Student: 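Below you will find the structure I want to go over with you.
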Amino acid sequence: MSQLTSSKKSFSAAILNWYDAHARELPWRSRPGEHADPYHVWLSEIMLQQTTVVTVGPYFNKFLTFWPTIHDMADAPLDDILTAWAGLGYYARARNLHKCAITISREFDGKFPKDRDELLSLPGVGPYTAAAISAIAFDRAEVVVDGNIERIISRLYRIDTPLPAAKKEITAFASELTPKSRAGDYAQALMDIGATICTPRTPSCAACPVSRFCAARRVGDMERFPVKAPKKVKPTRRAVVFWLERPDGFVLLRRREEKGLLGGMMEFPSTEWREEEIAVEAAMKRFFSDELQMRADGVTEKSLVRHTFTHFHLELRPVVITIGALDAAVIPRGQWVKPENFSSFALPTLMTKVVRAVVKGQG
DNA sequence: TAGACGTGGCC
DNA sequence: TGGCCAAGTCT
């Protein structure tokens, strides 16, 4: 048994003492002594998945303004949720958020289950989020393991197994260390420490309340942990994206498929995103009939839009086409929108980059 | 198990 | 500039 495991009570005590003195004040966090609202805890935890506290803050406040209760959110159209979520990324979270709100509102009388395993059955709620809600909102002694806690544990024990294979091992150590009382505060404390002290690069060990327990600190190789599997190279995909503009200034948007990348979000029509280079002329021929090309009053190329997703790079070449005479047969289905009203549509950041390239770009 | 799934900030 | 990283989940 390691030195740390045999002194786990003084470890969790040090963590909780640190939290009482240094806890960050966050919009979704209850005041000391008060009970956290499960709706707020759930909403924040979904938003915080792979997303920083700074980014989430304004979105969290906006969502609570629009939908003060989970019943309000359940009654809203999905498109409103997606529009409010636009820019946050990982849009499956928004779709699952809406599904989950409907389930809780209509099948659970608006009350979240307290049990980890029941929470786990909700859409968008995985092992981390289920444990976090159960511990933070209901003070259950659940073992919460997020990326911060993985990093802390892997340094405490100098775990050489690369992630994600090390997950099980890390969870076992985390389980030994988690206190039976105040497990929610303990989890939030570790996440605060991970975000502000036990950072990926140049951790501030001098400020850490548990540095005396840390094996990596003793050796001085903190930054080697957590060990991670090597990344794979991202391919680059390319396409021509069309800004189709009518004489009255309306521009065509269309909705993407419900599932998959940017599922349910709005977009400007484009050729398929492929690794092969595609010339504008070829893209025009592939996308439209020759007839439309003859009717287009003007065709203007704009500056390249670069965007990187989790698993590939994307290069979009915007082409502005002013359409003199509409031909329903060659224009894709969609919604004609004035650019000044784009903000009321569910446009992902990629598409706002296209807007910027077209409106402000020099071409 | 491994890949899909966004975005913005940092170095 | 480009890769890494952030309170993961789903398939």
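Throughout, protein chains are lettered first and strands after them, A, B, ... in sequence-line order, and every chain is numbered starting at 1. Just so it is clear, the values below take in all heavy atoms, side chains as well, and ignore hydrogens, waters and symmetry mates. Quick caveat, the model's predicted, so the values are computed rather than measured.
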Student: Over how many whole Å does the gap from K259(A) atom NZ to dT9(C) atom C1' extend?
Tutor: 14 Å

Student: Side chain to side chain contact (heavy atoms under 4.5 Å, CB included) for V305(A) and V241(A)? Distances and angles first, verdict last.
Tutor: CA-CA 10 Å; V305(A) 171; V241(A) 61; over 6 Å; no

Student: Specify the separation, in whole Å, of atom CD1 of I133(A) and atom P of dG8(C).
Tutor: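 Rounding to the nearest Å, CD1 of I133(A) and P of dG8(C) are 13 Å apart.
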
Student: Taking NZ, NE, NH1 and NH2 as the nitrogens, is one of them in R256(A) or E267(A) under 4.0 Å from a carboxylate oxygen of the other?
Tutor: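 Result for this pair is yes, salt bridge flagged.
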
Student: Would you measure the distance from the P atom in dC4(C) across to the matching atom in dG3(B) and give it in whole Å?
Tutor: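 Taking atom P in both dC4(C) and dG3(B), they lie 15 Å apart.
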
Student: Start at the 5' end of DNA chain C and walk down; is the nucleotide closest to L48(A) or to G124(A) reached first?
Tutor: L48(A)

Student: Could you point out which residue of H71(A), K111(A), M73(A) forms a side chain to side chain contact (heavy atoms under 4.5 Å, CB included) with Y39(A)?
Tutor: M73(A)

Student: On DNA chain C, nearest-nucleotide positions of L122(A) versus R24(A): which is more 5'?
Tutor: R24(A)

Student: Should the ring pair W67(A) and F63(A) be called parallel, tilted or perpendicular, given that the plane angle runs from 0 to 90° and is split at 30 and 60?
Tutor: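 Perpendicular: the ring planes of W67(A) and F63(A) meet at over 60°.
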
Student: Ion pair present between R29(A) and D37(A), side-chain N to carboxylate O less than 4.0 angstrom?
Tutor: no

Student: Is K231(A) touching bases, backbone alone, or none of the nucleic acid, heavy atoms closer than 4.0 Å?
Tutor: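 It contacts sugar-phosphate atoms only.
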
Student: Just call it for W28(A): base, sugar-phosphate, or nothing, with non-hydrogen atoms closer than 4.0 Å on any strand.
Tutor: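 Since a base atom lies under 4.0 Å of W28(A), the category is base.
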
Student: Determine the contact category for L120(A): base if any of its heavy atoms lies under 4.0 Å from a base atom, sugar-phosphate if only primed atoms, P, OP1 or OP2 are that close, otherwise nothing.
Tutor: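 It contacts nothing in the nucleic acid.
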
Student: Check the distance between dG3(B)'s P and L163(A)'s CG and give it to me in whole angstrom.
Tutor: 16 Å

Student: For a side chain to side chain contact (heavy atoms under 4.5 Å, CB included) with V319(A), tell me which candidate from F242(A), F268(A), W243(A) qualifies.
Tutor: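 When F242(A), F268(A), W243(A) are each tested with V319(A), the side chain to side chain contact (heavy atoms under 4.5 Å, CB included) holds only for F242(A).
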
Student: Would you mind reading off the distance between K228(A) atom NZ and dG3(C) atom P, rounded to a whole angstrom?
Tutor: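 That distance rounds to 16 Å.
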
Student: Which of parallel (below 30°), tilted (30 to 60°) and perpendicular (above 60°) describes F112(A) and W42(A)?
Tutor: tilted

Student: Using the P atom as the point on both nucleotides, what is the distance between dT1(C) and dG6(B), in whole Å?
Tutor: 25 Å

Student: Taking NZ, NE, NH1 and NH2 as the nitrogens, is one of them in E276(A) or R238(A) under 4.0 Å from a carboxylate oxygen of the other?
Tutor: no

Student: Touch check for V54(A), heavy atoms < 4.0 angstrom, all strands: base, sugar-phosphate only, or nothing?
Tutor: nothing

Student: State, without any angle test, whether Q49(A) and Y128(A) hold a side-chain donor-acceptor pair at a distance under 3.5 Å.
Tutor: no

Student: Using a 4.0 Å heavy-atom cut-off to protein, can you give one letter per nucleotide of nucleotides 5-11 of chain B, 5' to 3': B if the base is in contact, S if only the sugar-phosphate is, - if neither?
Tutor: BBBS---

Student: Treating a pair as Watson-Crick (purine N1 to pyrimidine N3 plus N6-O4 or O6-N4) or G-U wobble (N1-O2 and O6-N3) with both distances under 3.5 Å, list the stems of 3 or more consecutive pairs that involve DNA chain B.
Tutor: B:2-5 with C:8-11, B:7-11 with C:2-6

